[in-house]
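A short write-up of the structure that comes next.
Here is how names work: the chains are called A, B, and so on, in the same order as the sequence lines, proteins then strands, and each is numbered from 1.
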Amino acid sequence: MDSIYIIFYFISSILFILGIKMLSSPATARRGNFISFLGMIIAVTTTLLIVNYNLRSIIFIASGIFSGGIIGLIFAKKVQMTSMPQMVAIFNGLGGLASSLIAFSEIIKSDTTISLNIISVSILISILIGSVTFSGSITGFLKLQSIITGKPILIPLRNYLNFILLISIIALMITSFFFVEYTFLFYILISSCLLLGILIVLPIGGADMPVVIALLNSYSGIVAAFTGFIFGNIALIISGSLIGASGLILTRIMTKAMNRSLANVVLGGFGATTETSNQEVSDKTYKSGSSDDVASILEYSEKIIIVPGYGLAVAQAQHSIKELLDILVKQGKNVIFAIHPVAGRMPGHMNVLLAESNIDYELLLDLDQVNEKFSQTDVSIIIGANDVVNPAAKLDESSPIYGMPILDVEKSKSIVVIKRSMNPGFAGLDNDIFYNEKTIMFFGDAKNSIDSLTKSFKELN
Amino acid sequence: MNNEIYLIIVFVMAMMLGYELIKKIPPTLHTPLMSGTNAISGIVIIGSILVITSSSSLLINILGFASLLLSSINVFGGFIVTDRMLEMFKKPKNQGKK
């Protein structure tokens with residue numbers, strides 16, 4: 001390759017790095033995304049200048065980019081913000097599949113011998129990670145979309161099964177070096193990898209999906225980097241490793257926010273182990289109130305913290321909450337939002353949902369920023385959240401969520417919980433907050449409850 | 001310098017750089033970060049082009065085309081949806097006036 005082309009690939013890599021760096025502040029993030037896009041255009045143009053064409057390849061390339069672009073555009077414009085986890089899951093999967101297809105065609109091309117070098121090892125690793133990413137992501141998507149149950153699907157002896165499968169895959173990879181002419185070996189290899197991806201994701205419960213999506217996001221980058229090794233292309237290697245690192249960091253943030261190890265998530269069965277603990281639903285007493293009761297609490301409060309959970313997104317209540325926020329701010333109340341890292345269905349999901357309804361991102365505080373503020377807060381309003389405010393995470397060593405960092409709502413002077421019923425939340429756990437003497441339960445669907453609360457509050461003023 | 005070793009050095013350095021860069025991204029922007037990295041992972045579009053143009057075998061051309069189609073979806077879909085999200089993160093000017 002001419003060194004002039006390497007310089008262009010290098011420039012495009014620099015643009016990706018700059019683009020990601022500019023994501024560190026909401027003020028520059030949009031421009032950063034555009035700069036990454038420029039990097040992509042430079043990388044693709046450079047490639048188009050290097051290669052030799054015939055009529056067929058020109059038609060294939062032009063129609064592929066055009067139709068892919070149209071499909072991508074439609075996806076991007078139609079998707080609802082609540083469905084972002086599904087979209088990212090699908091895109092992770094597409095990236096994995098694209099890389100596998102590239103690796104597979106490299107195998108078909110070199111049908112005589114494969115020698116043991118970085119290229120052939122990268123081809124095999126691309127097939128492994130790419131296929132696992134693809135089938136795992138599609139399984140994750142089906143779960144998120146509730147096409148298959150979000151509950152963990154537990155196959156007996158699954159961990160042994162996966163282990164045996166992985167060993168067979170490695171054995172197949174080694175064998176394929178000596179028997180390249182037998183293409184069917186590669187079909188077996190690919191099928192085994194696809195099966196492994198499905199088996200890894202099936203037992204993982206809906207609450208753990210943020211971890212899985214972040215991890216598969218990382219894989220989709222790592223596989224791109226290995227594709228880069230196949231072609232000796234630095235733009236692929238650099239951008240692939242950036243994505244790989246990004247996914248790994250997000251995975252760590254998510255597992256930390258749930259106080260669980262990655263192994264614990266992947267070995268699965270979170271939802272299954274907790275089924276016993278919700279049986280002791282008690283005769284403990286709780287207070288419930290109407291929208292007028294809650295409105296009068298708000299009337300006498302100065303400092304208010306709203307704690308949104310996924311229930312808010314399910315009820316599509318983002319816009320109702322903005323209306324309530326506006327009227328509270330108009331009455332001179334100090335309102336902020338407390339966002340737990342696992343409040344949505346993927347990292348940062350809740351922030352996007354609230355930003356969509358025009359809520360200033362500076363009002364959205366994360367765990368560390370907000371926890372010290374609860375003690376000076378008059379009322380905390382918990383909307384459709386449960387586990388992220390459950391004090392059992394601090395007090396009850398037998399609780400499955402013990403050790404998970406939570407929002408300290410119990411330190412505020414009073415608490416309002418907006419919830420559909422007394423049924424336990426996602427992890428199936430009861431929550432002492434509901435029975436706290438400072439707490440008022442306000443039953444109903446998040447959207448209707450907030451709307452009626454806004455109405456009651458308007459009548460008071 | 002040996003080409004393979006040089007590529008591995010690039011790989012490791014880029015991983016470390018990525019770690020430092022992404023550590024600084026606030027949780028508020030984690031979802032756009034993920035869709036943005038989806039878009040960047042569409043960089044395998046380069047590999048697809050190299051596959052299509054490297055062989056006259058129809059099978060390989062078709063495999064390359066499929067891969068090109070998928071990675072183009074990632075590139076365009078990823079960048080456009082990320083832009084759509086980041087547009088919502090601009091500062092609302094008429095806060096509380098509604």
Under 3.5 Å, sequence neighbours excluded: what are the donor-acceptor pairs made by side chains of residues 14-22 of chain B?
| unit_1 | atom_1 | unit_2 | atom_2 | d |
| --- | --- | --- | --- | --- |
| Glu20(B) | OE1 | Lys23(B) | NZ | 3.4 |

From the list Met84(A), Arg252(A), Lys21(A), the residue making the most non-hydrogen contacts under 4.5 Å with chain B is Met84(A)

When the 4.5 angstrom heavy-atom criterion is applied to Glu323(A) and chain B, the contacting part is neither

- Between Arg84(B) and Glu87(B), does at least one N-O distance fall below 4.0 Å, as a salt bridge requires? no

Taken to the nearest 0.5 Å, the spacing of Leu29(B) CG from Lys24(B) NZ works out to 15.0 Å

Counting heavy-atom pairs under 4.5 angstrom with chain B, the leader among Val44(A), Val79(A), Ile253(A) is Val79(A)

Counting heavy-atom pairs under 4.5 Å with chain A, the top scorer among Asn74(B), Leu50(B), Leu70(B), Ile52(B) is Asn74(B)

Note: Ala29(A) and Leu23(A) closest approach over all heavy atoms is CB-CD2, 3.7 Å

The interface call for Asn217(A) against chain B, heavy-atom contacts under 4.5 Å, is side chain

Assert top hit (heavy-atom pairs under 4.5 Å, partner chain A, pool Ser67(B), Ser55(B), Gly78(B)) equals Ser67(B)

With sequence neighbours left out, the residues meeting salt bridge (Lys or Arg N to Asp or Glu O under 4.0 Å) with Glu356(A) are none

Turns out that what part of Pro26(A) lies under 4.5 Å from chain B's heavy atoms comes down to both

Original post:
Less than 6.0 Å separating the ring centroids of Phe79(B) and Phe34(A)?
Top reply: no

Of Gly42(B), Gly36(B), Ser41(B), the largest count of non-hydrogen pairs under 4.5 angstrom with chain A goes to Ser41(B)

Heaviest contributor of heavy-atom pairs below 4.5 Å to chain B, chosen from Gly247(A), Gly244(A), Ser246(A), Ser239(A), is Ser246(A)

Compute whether any side-chain donor of one residue and acceptor of the other, for Tyr9(A) and Thr47(A), lie under 3.5 angstrom apart. yes

So, the part of Ser36(A) with a heavy atom under 4.5 Å from chain B: the answer is both

Worksheet item: Among side-chain atoms of Asn351(A) and Thr28(B), is any donor-acceptor pair under 3.5 angstrom?
Response: yes

In the structure I gave you, are the side-chain heavy atoms of Leu236(A) and Phe226(A) within less than 4.5 Å of one another anywhere? no

* Does Gln331(A) reach the main-chain N or O of Leu328(A) with its side chain, forming a donor-acceptor pair under 3.5 Å? -> no

Scored by heavy-atom pairs under 4.5 Å with chain B, the best of Asp366(A), Ile65(A), Ile71(A), Ile61(A) is Ile65(A)

Whatever's closer than 4.5 Å to a heavy atom in chain B on Asn92(A) counts as both

Exercise for review: Answer yes when Lys330(A) and Asp326(A) have at least one side-chain N-carboxylate O distance shorter than 4.0 Å, and no when they do not.
Suggested key: no

Highest number of heavy-atom pairs under 4.5 Å with chain B among Ile238(A), Ile249(A), Leu354(A) belongs to Ile249(A)

In terms of heavy-atom pairs under 4.5 Å with chain A, the winner among Ala39(B), Ser48(B), Ala66(B) is Ser48(B)

Would you call the rings of Phe75(A) and Phe91(A) parallel, tilted or perpendicular, where under 30° means parallel and over 60° means perpendicular?
perpendicular

Of the listed Asn38(B), Ile25(B), Leu58(B), the one with the largest count of heavy-atom pairs under 4.5 Å with chain A is Asn38(B)

The interface call for Ile8(B) against chain A, heavy-atom contacts under 4.5 Å, is both

Per-residue tally against chain A (heavy atom, under 4.5 Å) across Val75(B), Thr82(B), Ile45(B), Asn61(B) peaks at Asn61(B)

Applying a strict 4.5 Å limit to non-hydrogen atoms, the region of Ala214(A) in contact with chain B is both

If one checks every heavy atom of Ile17(A) against chain B at 4.5 Å, the contacting part turns out to be both

Interface check, chain B: of Ser99(A), Pro347(A), Ser12(A), Ser57(A), most non-hydrogen pairs under 4.5 Å belong to Pro347(A)

